[in-house]
Amino acid sequence: MEREPQKIREGYLVKKAIFNKWKPMWVTLLEDGIEFYKKKSDNSPKGMIPLKGSTITNHCQDFSKRMYVFKITTTKEQDHYFQASHQEERDAWVKDLKKAVKCIEDGQRFARKSTRRSIRLPDTINLSELYISMKDPDRGIRVLKLEKDKKVFNQCFTGTCVADWLISSKSVRNRQEALMLSTALLNEGHLHPANDVAKNAAEGLAETTLVDTSDALYYFPDSGFFCEENSSDDDAIPREEFRGIVVKQGCMRKQGHRRKNWKVRKFVLREDPAYLHYYDPASGDDDPCGAIHLRGCVVTAVEDMMDGKKQDTDKNYFEIITASEVHYFLQAASSEERKEWIKAIQTVSKIGK
């Protein structure tokens with residue numbers, strides 16, 4: 001009996017359609033191809049792209065206005081373009097796509113790297129618990145805003161900081177064990193490489209893939225990390241509401257205020273001042289469609305939306321009520337993602353201006 005292809009990754013991406021139009025899609029990466037849906041709740045895909053023999057291009061410069069675009073070129077020389085909401089999301093998709101293509105070529109199943117077998121971690125080490133300790137705001141690794149190669153990396157830390165913390169917390173006995181454990185955390189996805197030095201090491205063949213230097217930068221996957229060009233133009237001062245550090249970003253669905261219809265929007269959460277900006281991912285514009293001032297807001301999970309239409313089986317709704325009593329209804333892609341957004345918005349609403 002032939003087994004079903006394994007689901008590797010899924011989420012919202014913006015796909016280039018005909019006549020140079022871009023449309024947000026729910027995209028699922030399987031072992032043998034990509035399926036894309038008009039809505040996450042659809043039972044059948046709008047299309048499918050086979051991966052066998054395909055070429056994946058990461059830094060696609062074909063569209064000057066659009067950032068974080070990657071390209072899939074099939075054996076029939078058809079180009080399919082997808083846009084992620086930020087650099088880390090694009091890199092994660094490309095990494096899994098390339099691995100899926102290679103697995104097809106080698107006749108192997110797609111599998112995440114088994115760190116316990118490769119570097120022989122003791123059974124007493126719980127990587128998930130260690131990850132939580134590393135993120136502790138008081139006793140964990142301190143996240144910083146760092147500048148490297150004319151770029152600003154927010155919410156990150158160096159490879160040296162990781163090794164130093166593991167030793168000081170008595171998680172390991174020496175630096176060699178620290179590098180071994182750091183590699184396990186990296187391979188399991190608890191740490192992500194932020195800059196080229198760290199990424200090149202992570203993609204190499206060496207067993208110790210974490211670089212123990214101040215030049216290699218890393219970040220926690222749900223920390224709101226982002227990278228931006230360091231502008232030398234002193235006159236380029238953003239509006240007050242854009243001054244805040246980006247805490248979290250990604251695509252969700254939002255209900256309109258007038259027509260009450262639901263559309264996919266890219267959201268960027270900033271703190272101090274506390275704002276949630278939302279953008280039309282299909283337009284590619286840098287200007288937001290709107291902004292939600294979060295200072296003093298109330299955010300709660302909502303189990304059902306009674307808008308007179310067929311109920312969405314996915315649910316995962318939540319509501320933001322601003323200090324001026326404006327109501328916003330949003331829908332996350334999963335219950336876990338909804339929890340993360342609610343927690344992040346609640347935190348920002350208390351500490352931001």
Side-chain angles (χ1 to χ4, degrees), residues 1-63 66-114 187-189 192 199 202-203 221 250-253 263-264 266 281-282 284 312-314 316 331-334 336-337:
M1 183 177 177
E2 189 175 344
R3 64 174 181 82
E4 288 291 318
Q6 175 190 349
K7 186 186 292 185
I8 299 168
R9 175 181 291 277
E10 60 183 350
Y12 286 111
L13 293 172
V14 184
K15 185 180 185 300
K16 182 179 178 294
I18 58 173
F19 306 122
N20 206 30
K21 289 189 175 181
W22 293 74
K23 296 182 179 180
M25 295 281 182
W26 181 258
V27 183
T28 301
L29 170 59
L30 305 172
E31 288 177 295
D32 59 351
I34 272 190
E35 293 179 344
F36 49 95
Y37 301 77
K38 188 175 180 181
K39 294 188 295 183
K40 182 175 183 284
S41 56
D42 288 350
N43 293 323
S44 56
K46 191 174 178 65
M48 195 268 191
I49 304 169
L51 288 179
K52 185 175 182 180
S54 294
T55 303
I56 315 299
T57 305
N58 189 351
H59 303 282
C60 183
Q61 306 295 330
D62 296 13
F63 309 95
R66 292 185 177 272
M67 299 177 67
Y68 319 126
V69 175
F70 62 89
K71 177 173 68 173
I72 303 173
T73 304
T74 66
T75 52
K76 295 182 179 180
E77 297 186 356
Q78 294 176 326
D79 292 332
H80 300 271
Y81 297 91
F82 292 89
Q83 182 184 23
S85 61
H86 50 93
Q87 177 183 324
E88 295 68 45
E89 184 179 59
R90 179 198 62 191
D91 291 348
W93 273 96
V94 169
K95 182 178 179 181
D96 282 346
L97 278 163
K98 287 182 176 180
K99 185 172 180 180
V101 171
K102 191 171 189 314
C103 285
I104 294 172
E105 290 176 358
D106 298 342
Q108 299 177 347
R109 284 202 66 180
F110 188 102
R112 303 290 182 192
K113 193 171 181 181
S114 176
N187 291 339
E188 290 294 330
H192 285 190
K199 288 176 183 177
E203 294 174 1
C251 286
M252 293 186 288
R253 295 176 76 215
K263 291 185 178 180
V264 176
K266 173 186 172 180
D312 194 332
T313 55
D314 288 326
N316 304 316
Q331 184 185 31
S334 66
E336 189 61 34
E337 189 175 299

Enquirer: Atom NZ of K98 and atom OG1 of T57: how far apart are they, to the nearest 0.5 Å?
Expert: 8.0 Å
Enquirer: Got a sec, which residues hit ring-ring contact (aromatic ring centres under 6.0 Å, His included) with F70, two or more places apart in sequence or on another chain?
Expert: F82
Enquirer: Can you sort out the partners of K76 under side chain to side chain contact (heavy atoms under 4.5 Å, CB included), two or more places apart, ordered by chain and number?
Expert: T74, Q78
Enquirer: Rounded to the nearest 0.5 Å, how far does CD1 of I104 lie from CG of L51?
Expert: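 L51 CG to I104 CD1: 5.0 Å, rounded to 0.5 Å.
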Enquirer: Could you tell me whether the side chain of R90 reaches within less than 4.5 Å of the side chain of N58, counting heavy atoms only?
Expert: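 N58 reaches R90 side chain to side chain.
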Enquirer: Mind checking what makes side-chain hydrogen bond (donor to acceptor under 3.5 Å, both in side chains) contact with K102, not counting sequence neighbours?
Expert: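 K102: side-chain hydrogen bond (donor to acceptor under 3.5 Å, both in side chains) contacts with D106.
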Enquirer: Side-chain contact test, heavy atoms from C-beta onward, threshold under 4.5 Å: evaluate it for D91 versus K199 and give yes or no.
Expert: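 Contact flag for D91/K199 side chains = yes.
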Enquirer: Considering residues at least two apart in sequence or located in another chain, which fulfil the side chain to side chain contact (heavy atoms under 4.5 Å, CB included) criterion with E77?
Expert: none
Enquirer: What's the separation between atom NZ in K40 and atom CD in Q331, rounded to the nearest 0.5 Å?
Expert: 7.5 Å
Enquirer: Below 4.5 Å, heavy atoms only, C-beta onward: do R66 and W22 meet side chain to side chain?
Expert: yes
Enquirer: For residues M252 and E337, determine if any side-chain heavy atom of one lies less than 4.5 Å from a side-chain heavy atom of the other.
Expert: yes
Enquirer: When rounded to the nearest 0.5 angstrom, what is the spacing between NZ in K23 and NZ in K16?
Expert: 12.0 Å
Enquirer: Side chains of H192 and E88: does their closest heavy-atom pair fall under 4.5 Å?
Expert: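 Side-chain contact under 4.5 Å: no.
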Enquirer: So do I8 and E31 actually touch side chain to side chain, heavy atoms under 4.5 Å?
Expert: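 A side-chain contact under 4.5 Å exists here.
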Enquirer: List the residues meeting side chain to side chain contact (heavy atoms under 4.5 Å, CB included) with K7, not counting sequence neighbours, and say none if there are none.
Expert: E10, T28, L30
Enquirer: Please identify each residue that fulfils ring-ring contact (aromatic ring centres under 6.0 Å, His included) with H86, with sequence neighbours left out.
Expert: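 Partners of H86 by the ring-ring contact (aromatic ring centres under 6.0 Å, His included) criterion come out as none, since no residue qualifies.
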Enquirer: E35 versus M48: any side-chain heavy-atom pair under 4.5 Å?
Expert: yes
Enquirer: With sequence neighbours excluded, what pairs up with Y12 under the ring-ring contact (aromatic ring centres under 6.0 Å, His included) test?
Expert: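 Y12 satisfies ring-ring contact (aromatic ring centres under 6.0 Å, His included) with W26 once adjacent residues are dropped.
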Enquirer: Could you give the distance from OG (S54) to NZ (K71), rounded to the nearest 0.5 Å?
Expert: 12.0 Å
Enquirer: Locate the shortest heavy-atom distance separating Q83 from P281; write the atom from each residue and the value.
Expert: OE1-O, 3.7 Å
Enquirer: With sequence neighbours excluded, tell me which residues meet side-chain hydrogen bond (donor to acceptor under 3.5 Å, both in side chains) with T73.
Expert: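 With neighbours one apart ignored, the set is D79.
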Enquirer: Looking at residues at least two apart in the chain, or sitting in another chain, which of them share a side chain to side chain contact (heavy atoms under 4.5 Å, CB included) with K38?
Expert: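 Side chain to side chain contact (heavy atoms under 4.5 Å, CB included) check on K38 returns D42.
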Enquirer: Just jot down the side-chain hydrogen bond (donor to acceptor under 3.5 Å, both in side chains) partners of S85, sequence neighbours excluded, or say none.
Expert: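 Expected list: E89.
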Enquirer: To the nearest 0.5 Å, tell me how far L29 CG sits from I34 CD1.
Expert: 5.5 Å
Enquirer: With sequence neighbours excluded, tell me which residues meet side-chain hydrogen bond (donor to acceptor under 3.5 Å, both in side chains) with Y68.
Expert: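 By the side-chain hydrogen bond (donor to acceptor under 3.5 Å, both in side chains) rule, Y68 matches no residue at all.
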Enquirer: Got L13 and F36 here, is their nearest side-chain heavy-atom distance under 4.5 Å?
Expert: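 Sidechains of F36 and L13: no contact.
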